[in-house]
Amino acid sequence: MTYEPDAIVVGAGLSGLVAASELLDAGRRVTIVEQEPSASFGGQAWWSFGGLFLIDSPEQRRMGVRDSLALARDDWFGTAGFDRPEDLWPRQWAEAYLQFASGEKRAWLHEKGVRFFPVVGWAERGDGRAGGHGNSVPRFHITWGTGPGVVEPFARRVQSAAANGRAAVRNRHRVDELIVEDGRVAGVRGVVLAPDSAGRGAPSNREVVGDFELRAPVVIVASGGIGGNHDLVRAAWPARLGEPPAHMLSGVPAHVDGRMLGIAETAGARLINGDRMWHYTEGIQNWDPVWERHGIRILPGPSSLWLDARGDRLPSPLYPGFDTLGTLEHLRRTGFDYSWFVLTQKIIEKEFALSGSEQNPDLTGKDVRLLAKRVAPGAPGPVEAFKEKGADFVVADTLDELLAGMQRLAEVPLDTELVARHVRERDRQLDNEFGKDLQLAAVRSARKYRGDRLIRVASPHKLLDPAAGPLIAVKLHILTRKSLGGIETDLDGRVLGADGAPLPGLFAVGEAAGFGGGGMHGYRALEGTFLGGCLFSGRQAGRAAARA
Ligand SMILES: Cc1cc2nc3c(=O)[nH]c(=O)nc-3n(C[C@H](O)[C@H](O)[C@H](O)COP(=O)(O)OP(=O)(O)OC[C@H]3O[C@@H](n4cnc5c(N)ncnc54)[C@H](O)[C@@H]3O)c2cc1C
């Protein structure tokens, strides 16, 4: 190979593309090595919903949201719960990221052509404590064009450099080793995998047809997390979240295999906070799967009644969309790998969004006419398709029929009398416009936010009101997604060794680096912060590597 790059980037996901773009902008030559075929260019981010965390944006202000860096900082640190010596760098990354999200982030993206849907979403509404977990205000800005819209400017930058001979993308090149010489990382070694015509996100073969070695003064690890490898997820599962589930769906393609983390560790990198992970409890089996065990996450509004596998209602404030890990922890204590939503047609129409670019053709395709249907009666097409074809949905005209359908999908006996009691008790609370049910109070409060009232939160109604029907039950599975820990780095993205000193020549970005520092989220996340973490860490490391 004659090409002599200034930097090698391992992984053509968002974080790798951002780092490469920064290096190219600084006049450096970059080679990206990527184990998957070119069809999967852009990695997980292409599949993503494209939700980005911004603080005090014009979009928020137009929706009447008053946000500030101080409020977001309270929210972030209350959510992260940093409590370990290893949080030294993650804390600094969190602070730097908050500054970025309230400062340059939007203008930087805007300049690259990225635009946002005007209604800001309210993800992770929290655990009910002002100083605790959660977003005090809506901050989830959906990119116009969703995940592909976030990837596009960086993909374009790399592809145009490749056309000019300043960048090279080597697909089917899997890194198996970091070359360490005289105490510095000097390149990568690995194998060339056989060509594969697999479509985007689909698993590709691992047949080895050759090997390769590439050298450069800088190597940037941008290899993603561990969510596609359930064995690694279970091995890292923390005791505080109970027993690891026996059955999980995959919210990420198989290439999110975590192998590169061990390879970086062998080269001297320190891995921290591997027990911190972000998995969802509202996963449904994809009726049209792209990868094995492919699950889709429902981004739920707050109105569905949430029941455990036996039929008992989840305690306050574990309502849909409030506290992802609090809910996961509670459900693990019940000992079962699934739970239930019970809702109405009226709720599904307004409150079910599905995470993923392919599940939102209107936003992904920037199709205004299709988008207008979101405010029209009826559920969005992809949601309706799941309702009709999804293995986890029960639709019924009466409560008895619904309970019979739920029993058919249940893996452990469902206490149908208990479910019926919860439904009736909840419905009686709607005889007045006030009452003691805290979930209904939260629904009423959410509707004070214009965005929720407009497209996200159904007006409170009785589940057994035939006018709101039919009744719907959804069996929800645990869905693997993000790794919150990873390779420890300083604020320049330089990888740190066991002694805390930088390992010369090596940088890490994106999910592989816990989105910055080895875990800038701490224990929990505010959402929209993963793509943002890839953007920010890729930018930091790309710029620092260009100076190296
Ligand atoms: C459906 C879905 C929806 C999401 N929605 C959102 C959202 O709305 N907001 C948000 O903030 N986040 C969201 N996320 C999360 C976000 O997309 C990811 O965390 C982020 O894209 C990770 O990017 P990355 O560059 O770190 O890693 P990846 O995208 O995983 O890319 C890593 C690349 O490295 C390659 N690689 C790995 N090991 C090797 C090796 N040894 N040799 C060569 N190549 C290797 C992989 O094949 C892969 O292409 C979503 C994710 C999914 C899947």
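In listed order, ligands and their atoms are each counted from 1. Any value given below was found using the heavy atoms of this structure, including those in side chains, with hydrogens, waters and symmetry copies removed.
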Quick one: does Gly532 get an N or O within less than 3.5 Å of an N or O on ligand 1? no

If hydrogens are left out, which of Glu358, Glu177, Glu34, Glu36 has an atom nearest to atom 49 (O) of ligand 1, that is, the closest non-hydrogen atom? Glu34

Ala45 heavy atoms within 4.0 Å reach ligand 1 at atoms 17 (O), 21 (O)

Quick look: Glu527 vs ligand 1, heavy-atom contacts under 4.0 Å, and the answer is neither

Does Arg125 pair with Asp452 as a salt bridge, N-O distance under 4.0 Å? yes

Got a salt bridge between Asp87 and Arg276, using NZ or NE/NH1/NH2 to carboxylate O under 4.0 Å? yes

Is any NZ, NE, NH1 or NH2 atom of the basic residue among Glu124 and Arg524 found under 4.0 Å from an Asp or Glu carboxylate oxygen of the other? no

When you look at Ser357 and Thr146, which way does the side chain to side chain donor-acceptor pair (under 3.5 Å) test go after all the steps? CA-CA 6 Å; Ser357 53; Thr146 68; 4.6 Å; no

Which residue in the set Leu232, Val221, Ile487 passes side chain to side chain contact (heavy atoms under 4.5 Å, CB included) when paired with Leu261? Ile487

Taking the minimum heavy-atom distance to atom 3 (C) of ligand 1, which of Ser48, Ala508, Ser223 ranks first? Ser48

Basic-acidic side-chain contact under 4.0 Å: Asp490, Arg494: yes

Please could you name the atoms of ligand 1 that Cys534 approaches to less than 4.0 Å, counting only its heavy atoms? 20 (C), 22 (C), 23 (O), 24 (P), 26 (O)

Looking at Gly11, which atoms of ligand 1 are within less than 4.0 Å of one of its heavy atoms? 33 (C), 34 (O), 35 (C)

Thr529 and ligand 1 - part of the residue with a heavy-atom distance under 4.0 Å: backbone

Answer yes or no for Arg539 and Trp108: cation-pi contact, defined as NZ/CZ to six-membered ring centre under 6.0 Å and angle to ring axis within 45°. yes

Show the atoms of ligand 1 that are less than 4.0 angstrom away from any heavy atom in Gly51. 7 (C), 8 (O), 9 (N), 10 (C), 11 (O)

Restricting to ring-ring contact (aromatic ring centres under 6.0 Å, His included), what partner residues turn up for Trp93, sequence neighbours left out? Phe536

Verify salt bridge (charged side-chain N to carboxylate O under 4.0 Å, His left out) between Glu59 and Arg106, making sure each step is shown before the conclusion. CA-CA 11 Å; Glu59 286 77 15; Arg106 186 176 178 284; 2.7 Å; yes

List every atom of ligand 1 that sits less than 4.0 Å from any heavy atom of Ser355, numbering the atoms from 1 in the order shown and giving each element. 3 (C), 5 (N)

Phe53 near ligand 1 by a heavy-atom separation under 4.0 Å: no

Any salt bridge between Asp288 and Lys389, counting N to O under 4.0 Å? no

Less than 4.0 Å is my threshold; does some heavy atom of Arg481 fall inside it relative to ligand 1? yes

Is the shortest distance from a Lys or Arg side-chain nitrogen in Arg206 or Glu36 to a carboxylate oxygen in the other one below 4.0 Å? yes

With heavy atoms of Met260 as the reference, note each atom of ligand 1 found under 4.0 Å away. 41 (N)

How far is atom 15 (C) of ligand 1 from the closest protein heavy atom, and which atom is that? Lys482 CE, 3.2 Å

Heavy-atom distances under 4.0 Å are what count here, so tell me which part of Phe515 touches ligand 1: side chain, backbone, both or neither. side chain

Charged N to carboxylate O under 4.0 angstrom, Arg297 versus Glu527? yes

One thing to verify: whether Asp75 and Arg73 come together as a salt bridge, which I'm taking to mean a side-chain N less than 4.0 angstrom from a carboxylate O. no

Is it the side chain, the backbone, both or neither of Phe140 that has a heavy atom closer than 4.0 Å to ligand 1? side chain

for atom 42 (N) of ligand 1, nearest protein heavy atom and its distance come out as Val175 N, 3.0 Å

Using a 4.0 Å heavy-atom cut-off, which part of Glu511 comes near ligand 1: side chain, backbone, both, or neither? both

Check whether any N or O atom of Gln44, backbone or side chain, sits under 3.5 Å from an N or O atom of ligand 1, and answer yes or no. yes

Considering only heavy atoms of Gly251, which atoms of ligand 1 have at least one such atom less than 4.0 Å away? 53 (C)

Residue, atom name and distance, where the atom is the protein heavy atom closest to atom 31 (O) of ligand 1: Gly13 CA, 3.5 Å

Gly510 to ligand 1: N or O pair under 3.5 Å? no

Are any of the N or O atoms of Gln35 closer than 3.5 Å to those of ligand 1? yes

So, 4.0 Å and heavy atoms of Ala222: is ligand 1 close enough to count as a contact? yes

Step through it carefully: locate the ring centre of Trp278, locate the ring centre of Tyr523, and say whether they are under 6.0 Å apart. no

With respect to atom 27 (O) of ligand 1, which of Ser15, Ser250, Gly224 exhibits the smallest heavy-atom separation? Gly224

Quick one: look up the protein heavy atom nearest atom 16 (C) of ligand 1 and list residue, atom name and how far away it is. Leu531 CD2, 3.9 Å

Could you tell me which atoms of ligand 1, counted from 1 in the order shown, lie closer than 4.0 angstrom to a heavy atom of His173? 42 (N), 43 (C)

How close do Pro203 and Ala198 get, counting heavy atoms only, and between which atoms? O-CB, 3.6 Å

Suppose we screen for side-chain contact (heavy atoms from CB on, under 4.5 Å). Which residues come up paired with Ser102, at least two apart in sequence or across chains? Ile55, Leu69

